[in-house]
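Only one structure is covered here, and it is reproduced in the block below.
Quick note on labels: first sequence line is chain A, next is B, and so on, each numbered from 1. Hydrogens, waters and symmetry mates are skipped; everything else that's a heavy atom, side chains included, is used.
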Number of protein chains: 2
Amino acid sequence: MDKKESTRNSILGTASRLFQCQGYHGTGLKQIIEESGAPKGSIYYHFPDGKEEIAFEAIQLMKQHVLQAARMDLNGKATAVEAFGYHIEKVSFLFDSEQKTTGLPIGLIASETAETNPKLREACNSAFANWQSLYAEVLVGFGFNENKAADLGVTINALIEGGCILSMTNGSGEPLRSIAKQIPFLLMNEE
Amino acid sequence: MDKKESTRNSILGTASRLFQCQGYHGTGLKQIIEESGAPKGSIYYHFPDGKEEIAFEAIQLMKQHVLQAARMDLNGKATAVEAFGYHIEKVSFLFDSEQKTTGLPIGLIASETAETNPKLREACNSAFANWQSLYAEVLVGFGFNENKAADLGVTINALIEGGCILSMTNGSGEPLRSIAKQIPFLLMNEE
DNA sequence: TCGAAATTATAGTGATCGGTCTACATAATA
DNA sequence: TATTATGTAGACCGATCACTATAATTTCGA
């Protein structure tokens, strides 16, 4: 039981990292096994439905991981501007280091599979919806009305996903920091 | 000469469409040939360096295509809000139809190759820089100072790329329209 | 019309893809 | 210890990957 969870988790961990950086089609099962150090013969024991199942579970993992990180960043701040500004800045620092450990949390696999794989598309869509709900919820807590907060949740999510693309491509966190600077203007008036 | 350009262009046309929708690794040369109707035996005549060269040229094509569309949308508007609001709304409509003809203009191939292929990464980075320069230039024309305009150019680009991801995943242009609604707040004060 | 150049067809390269299969090891339980 | 369930190893499958080599074809100027 313990061992089973351990190899399963190590597979999912490396899988989500690789899917973020190289995409679904750019990552082979072979690479996942090698980099995870997991037993070579047991992928289909832990994931009978193969690569798609690994991707599905990896999406759940990334979804929870981001949700948790965002919650911590946004918590205990005095204003919405401070909360989201801090959150985006923290994300930006992930792209300054040379190590290629960070990519598009879900956006990459989402756009790869949106047109071709309904199951994975739905999983990604649910992850986005979750994050946006959290953002909206926080904004409502700061006095925004619900409709406005919902639209802003979508907008902030787009800013982060788009900003991650730009930072990946640019090889630095600068684009995300340019974005963070605009948060005060975006969230200026609670209405 | 004429014919050569024609088959070359049809290959590049379908290639850029497929790369947008399925990504670099998710698109095979076979599919490009079949869907383009190009002569089956002549890929490596027109593109001696193979898939990478096709992708590189496809990126140039998408870059110019987006640049041109954006220029038309932004041109002749009375205010910055009107210009960018109109532009994003127009993009949103591309995601309402069922036909899977639209994807991430460059963001998908950018995030797939950022960590693994320096040449393609640089090409994507240059495309992003071009678009952002256009946005900034337009904003300066509306009275924004240069630094602020540059940051806003990055931000708007991130909004669009991120918004396209969300719209693709959601299967509708709604997310992009939620984003368009925030443009007035983002561009409220020219300073 | 002839011949050279430009263009396309076709077969085949090794490598790798995701996935299946069977045999083997390990662990737990009786 | 005997038996059963749980995991793992590794060979193997057909398909497809990007790519090459060479032959056939078309194009077009001389």
Of the listed D:dT8, D:dT20, C:dG18, the closest approach to the B:Tyr44 side chain comes from D:dT20
Take the protein atom CG of A:Asn117 and the nucleotide atom P of C:dG18, then report the distance between them rounded to whole Å.
-> 14 Å
Pairs under 3.5 angstrom only: tabulate donor-acceptor contacts from the side chains of residues 132-144 of chain B to other protein residues two or more places apart or in another chain.
residue: B:Gln132; atom: OE1; partner: B:Asn157; partner atom: ND2; Å: 2.7
residue: B:Ser133; atom: OG; partner: B:Ala129; partner atom: O; Å: 3.0

Measure from CD on B:Glu53 to P on D:dA18 and round the result to the nearest Å.
-> 15 Å
Would you mind reading off the distance between A:Lys30 atom NZ and D:dG10 atom P, rounded to a whole angstrom?
-> 14 Å
Which comes earlier along DNA chain D counting from the 5' end, the contact point of B:Lys51 or that of B:Gly41, where each point is its nearest nucleotide?
-> B:Lys51
Out of D:dT20, C:dT8, D:dA9, whichever nucleotide has its closest atom nearest the side chain of B:His46 = C:dT8
How about B:Lys90: does its NZ atom have over 12 heavy atoms from other parts shown lying under 6.0 Å from it?
-> no
Looking at residues 11-21 of chain B, who's got a heavy atom less than 4.0 Å off DNA chain D?
-> none
Expressed in angstrom and rounded to an integer, what is the separation of B:Gln22 atom CD from D:dC17 atom C1'?
-> 15 Å
Verdict with supporting geometry, A:Phe95 and A:Asn170, side-chain contact (heavy atoms from CB on, under 4.5 Å) = CA-CA 9 Å; A:Phe95 292 91; A:Asn170 192 258; over 6 Å; no
Identify which nucleotide among D:dT8, D:dC17, C:dT8 has an atom closest to any side-chain atom of B:Tyr45, counting heavy atoms from C-beta outward.
-> C:dT8
Partner of B:Phe19 by side-chain contact (heavy atoms from CB on, under 4.5 Å), out of B:Ile59, B:Ile32, B:Leu104 = B:Ile32
To the nearest angstrom, the CZ-C1' distance between B:Phe47 and D:dA18 comes to 15 Å
Rounded distance [0.5 Å steps], SG in B:Cys164 versus CD in A:Glu161 | 12.5 Å
Could you state the atom-to-atom distance from CD1 of A:Ile43 to P of C:dT20 in whole Å?
-> 12 Å
Between atom CD in B:Glu52 and atom C1' in D:dA18, what is the gap in whole Å?
-> 12 Å
Are any of the side-chain heavy atoms of A:Arg177 and A:Asp96 separated by less than 4.5 Å?
-> yes
Do any side-chain nitrogens or oxygens of A:Lys40 fall under 4.0 Å of OP1 or OP2 in D:dG10?
-> no
For residues 109-118 of chain B, please give each side-chain donor-acceptor pair under 3.5 Å, one per line with the distance, not counting sequence neighbours.
residue: B:Ser111; atom: OG; partner: B:Gly107; partner atom: O; Å: 2.7
residue: B:Ser111; atom: OG; partner: B:Leu108; partner atom: O; Å: 3.2
residue: B:Glu112; atom: OE1; partner: B:Tyr24; partner atom: N; Å: 2.5
residue: B:Glu112; atom: OE2; partner: B:Tyr24; partner atom: N; Å: 3.4
residue: B:Glu112; atom: OE2; partner: B:His25; partner atom: N; Å: 3.3
residue: B:Thr113; atom: OG1; partner: B:Ile109; partner atom: O; Å: 2.7
residue: B:Asn117; atom: OD1; partner: B:Lys119; partner atom: N; Å: 3.2
residue: B:Asn117; atom: OD1; partner: B:Leu120; partner atom: N; Å: 3.2
residue: B:Asn117; atom: ND2; partner: B:Glu52; partner atom: OE2; Å: 2.9

From CG of A:Asp49 across to P of C:dG19 the rounded distance in Å is 9 Å
